Asks: 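Take a look at the following structure, please.
Just so you know, ligand 1 is whichever comes first in the structure, and atom 1 is the first atom listed for that ligand. We're numbering straight along the sequence, starting at 1. Keep in mind that this is a model prediction, so the values were computed, not measured.
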Amino acid sequence: MTLLLDGKALANQIQTQLAQEIHALTEQGYRPPGLAVVMVGDNPASAAYVRNKERACSRVGIASYGKHLPATATQAEVAALLQQLNADPNVDGILVQLPLPEHLDAVALLNTIDPDKDADGLHPINLGRLVRGEPGLRSCTPYGVMRLLESANINLVGANALVVGRSILVGKPMALMLIEANATVTLAHSHTVDLPALMRQADILVAAVGRPGMITAADVKPDSVVIDVGINRVEQPDGTARLVGDVDYASVQPVAGAITPVPGGVGPMTVAMLLENTVTSYRSRL
Ligand code: NDP
């Protein structure tokens, strides 16, 4: 029997716990936690992600201090807004929705965020803390994967873990978190030689590439744990779009010991960890 790693159910459970904690504190007269999602321009996909995050905040009782700037906003204007949010005592988490318009230097802006309000866990200080194994706000997607593995009691100690994809958003922090959990980690990318052979040896396989269905049953070690971070929009013959992962779920599910679905696996956990990071930052500020 393959274990379904149900990220949606775990994310709901985490959000219920956060909501109860926030409710108890606001009942005692404390202010609610606050998250500011900063969006620049009108990218429709970004707007949908921002709405999704703000709805999740409102479900658990986090106040949204989101700001929407026009696509013409200058580097100095966005930086000034981030400085203002850094100084705002009601704001515990700040997140810049990516991608930013091309004329803006995204890295410089992300570095402007106060590391202790860095809800996405992507600031160099927080990535440095992760490298050193120090406490700090963790990158939401890989942190969500770790929580999913932990809740299913999956043994990581000494396990052969393979992370496919080395982005700063997912792959690299994922590899670091697995190292921290005492797995033996290999990080693969587009220049990796004989990826299928590496995948067949992996006890834990994390796919974070962005190529629909690239991992099939023949690539997967029987009874291994398969985590599909990929989210790919695939056009159907009837013109509608469907979300699929990097893993060919239908063929891999019978072979794997445990697997995340797409949607309903890692995606909801990413949002839950964003809320949790905001509440962690809030607790330390109370
Ligand atoms: P990036 O495009 O930044 O990184 C993709 C990585 O995959 C790169 O490191 C690239 O290698 C590697 N890669 C590309 N082709 C191959 C190949 N043929 N074999 C091995 N490695 C390859 O993507 P992200 O990390 O931002 O996102 C990855 C996927 O995860 C996307 O589908 C994205 O939508 C999804 N995602 C999902 C989230 C969630 O909440 N579930 C959150 C964030 C992302 P190289 O470095 O050599 O170019």
Asks: Is there a side-chain contact between L178 and M146 in this structure, where contact means two heavy atoms from C-beta onward sitting under 4.5 Å apart?
Replies: yes
Asks: Enumerate the residue pairs fulfilling salt bridge (charged side-chain N to carboxylate O under 4.0 Å, His left out) with a member in residues 239-266, sequence neighbours excluded, ordered by first and then second residue.
Replies: none
Asks: Can you list every pair that meets salt bridge (charged side-chain N to carboxylate O under 4.0 Å, His left out) and has a residue in residues 165-177, with sequence neighbours left out?
Replies: none
Asks: D194: which residues meet the side-chain contact (heavy atoms from CB on, under 4.5 Å) condition with it, sequence neighbours left out?
Replies: P196, A197
Asks: Run the side chain to side chain donor-acceptor pair (under 3.5 Å) test on R129 and N126 for me, step by step, so that the C-alpha distance in whole Å, both residues' side-chain angles and the decisive distance to 0.1 Å come before the verdict.
Replies: CA-CA 5 Å; R129 287 169 172 159; N126 285 319; 2.7 Å; yes
Asks: Do D92 and R31 meet the salt-bridge criterion of a basic N to acidic O distance under 4.0 Å?
Replies: yes
Asks: May I have the N/O to N/O pairs between ligand 1 and the protein that fall below 3.5 Å, each with atom names and distance to one decimal?
Replies:
| residue | atom | partner | partner atom | Å |
| --- | --- | --- | --- | --- |
| ligand 1 | 9 (O) | R166 | N | 2.8 |
| ligand 1 | 11 (O) | S190 | N | 3.2 |
| ligand 1 | 18 (N) | R211 | NH1 | 2.8 |
| ligand 1 | 21 (N) | S190 | N | 3.4 |
| ligand 1 | 25 (O) | S167 | OG | 2.5 |
| ligand 1 | 32 (O) | I231 | N | 3.1 |
| ligand 1 | 32 (O) | I231 | O | 3.3 |
| ligand 1 | 34 (O) | I231 | O | 3.2 |
| ligand 1 | 40 (O) | T270 | OG1 | 2.7 |
| ligand 1 | 41 (N) | V229 | O | 3.3 |
| ligand 1 | 46 (O) | R166 | NE | 2.7 |
| ligand 1 | 47 (O) | R166 | NE | 3.4 |
| ligand 1 | 47 (O) | R166 | NH2 | 2.8 |
| ligand 1 | 47 (O) | S190 | N | 3.2 |
| ligand 1 | 47 (O) | S190 | OG | 2.6 |

